[in-house]
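Step one of this worksheet: look at the structure below.
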2 protein chains.
Amino acid sequence: MTDNGNRPGQRPVDAADIVAAVVRQWRTVLPELDTDPMELIGRINRSAALLRQAEDAPLRRPGLTRPEFELLGALRRTGRELTPGDLARETFSSGAAVTKRLKQLTERGLVERRADARDRRVVLVRLTEAGRELVDAVLPEQLSFEADVLSGLDAQERHLLAELLGKLLTQLEGRLAARL
Amino acid sequence: MTDNGNRPGQRPVDAADIVAAVVRQWRTVLPELDTDPMELIGRINRSAALLRQAEDAPLRRPGLTRPEFELLGALRRTGRELTPGDLARETFSSGAAVTKRLKQLTERGLVERRADARDRRVVLVRLTEAGRELVDAVLPEQLSFEADVLSGLDAQERHLLAELLGKLLTQLEGRLAARL
DNA sequence: CGCCGATCATTTACGAGTGAAACACCTGTT
DNA sequence: AACAGGTGTTTCACTCGTAAATGATCGGCG
């Protein structure tokens, strides 16, 4: 494939991103360090931070935050009513956070709560018509915006990257679930 | 060309990670959606979240948060005194956050502030001896912990992944810098 | 020299998330 | 039937981050 002068003892990375610069600094100060994990984890974190910062442009227009949108999205894609507990699991946030978001989204008329008939502890949450319409309107914009942001990579690179991250994620999910 | 049916093995989408499951849900509900960006961005975000959640184990022992450690690391790897403004740029956080962290780290005796002689607006921050020792003690542990977390991928996959993310990051940095 | 806009750090007010406690309710056991 | 323990949701107290305002200082320009 690409031979980028992968000489042993010398690193293949002449990349221009910030993480590469940071790693170079570390190596000049503490040369015996194994900096490999930084190159990967640092880049994942940094990419996520950059994406989070910019990616939400189409969401901000209707005044949504990303966690709010993910909550609405979970309801939309499952197609059924979900409990706050379900939503906490689906969006990987605490129950308390879900309660707060539900409060706001209810006030805006995007979701509705109703009591469960059989078990009165549980609350069932569903999208209102307005909520469903909002998700259906925003999601394509958001996806096209994201596609644009990712357009610096060609389709093959994107798929390869997604595949590798999927593999990593599968491992992490198993490994970290075990630790909890 | 995107015949991404549910045939296992043909597309890389038979992955078992959570993002794949989410994408599958979206496709059954809104089949006309181009879900490709989700597979990539979703996985980046989710990986970052999972890593953040677990990765900091060696940091917590000495009672450090990750942002605090990154501040100390910036001082250690540059080898010079930095101003709060520098630190804000290096750690990608707001100036106010840096001020708060400096307060705590100063109280713990890990960093020191001193006034700049030429320009009395600026403050120069440096590691104390204890701070330097702490970074040097914790960093190898942290890196080895991270290497362990990443061990589900083999070396070749890790390097390929790091390389692709580096390319993405380079693009994002340019693109998003332009938007600000 | 003295003012004016710019720059740097800090303070302030506030919003959002978290873990733990509180509350309501269910279920199996005696 | 009553209770004990478990589960689901909400509330509470707290921490952390941010944006905007504040205060101090610099540099240039009339």
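Model, not experiment: these values are computed from the prediction.
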Handout entry: Test applied, side-chain contact (heavy atoms from CB on, under 4.5 Å); reference residue, Leu40(B); option that passes from Leu51(A), Val149(A), Leu161(A)
Key = Leu161(A)
Practice task
Determine whether Val111(A) and Leu72(A) make a side-chain contact, defined as any pair of heavy atoms from C-beta on separated by less than 4.5 Å.
Solution key: yes
Practice task
Rounded to the nearest angstrom, tell me the gap between atom NZ in Lys100(B) and atom C1' in dC14(C).
Solution key: 10 Å
Practice task
For Arg120(A) and for Thr65(A), locate the closest nucleotide of DNA chain C by heavy-atom distance; then report the residue assigned to the nucleotide nearer the 5' terminus.
Solution key: Thr65(A)
Exercise for the section: Using a 4.0 Å heavy-atom cut-off across all strands, classify Thr83(A) as base, sugar-phosphate, or nothing. Expected result: sugar-phosphate
Practice task
Using a strict 4.0 Å threshold on nitrogen-to-oxygen distance, state whether Glu146(A) and Arg66(A) make a salt bridge.
Solution key: yes
Handout entry: 5'-most by nearest nucleotide on DNA chain D - Arg121(A) or Ala96(A)
Key = Arg121(A)
Exercise for the section: In plain terms, say whether Arg121(B) and Asp119(B) are close enough for a salt bridge, that is, a side-chain N and a carboxylate O under 4.0 Å apart. Expected result: yes
Problem - Sugar-phosphate only, base, or nothing, as touched by Glu68(B) at under 4.0 Å among non-hydrogen atoms - result: nothing
Handout entry: Reference residue Glu81(B); test side-chain contact (heavy atoms from CB on, under 4.5 Å); the match among Arg113(B), Arg114(B), Glu112(B)
Key = Arg114(B)
Handout entry: Residues Asp17(B) and Lys167(A) bridged, charged N to O under 4.0 Å
Key = no
Practice task
Please find the earliest and latest nucleotides of DNA chain D, in the 5' to 3' direction, that have an atom within less than 4.0 Å of any heavy atom of chain B.
Solution key: dC16(D) to dC26(D)
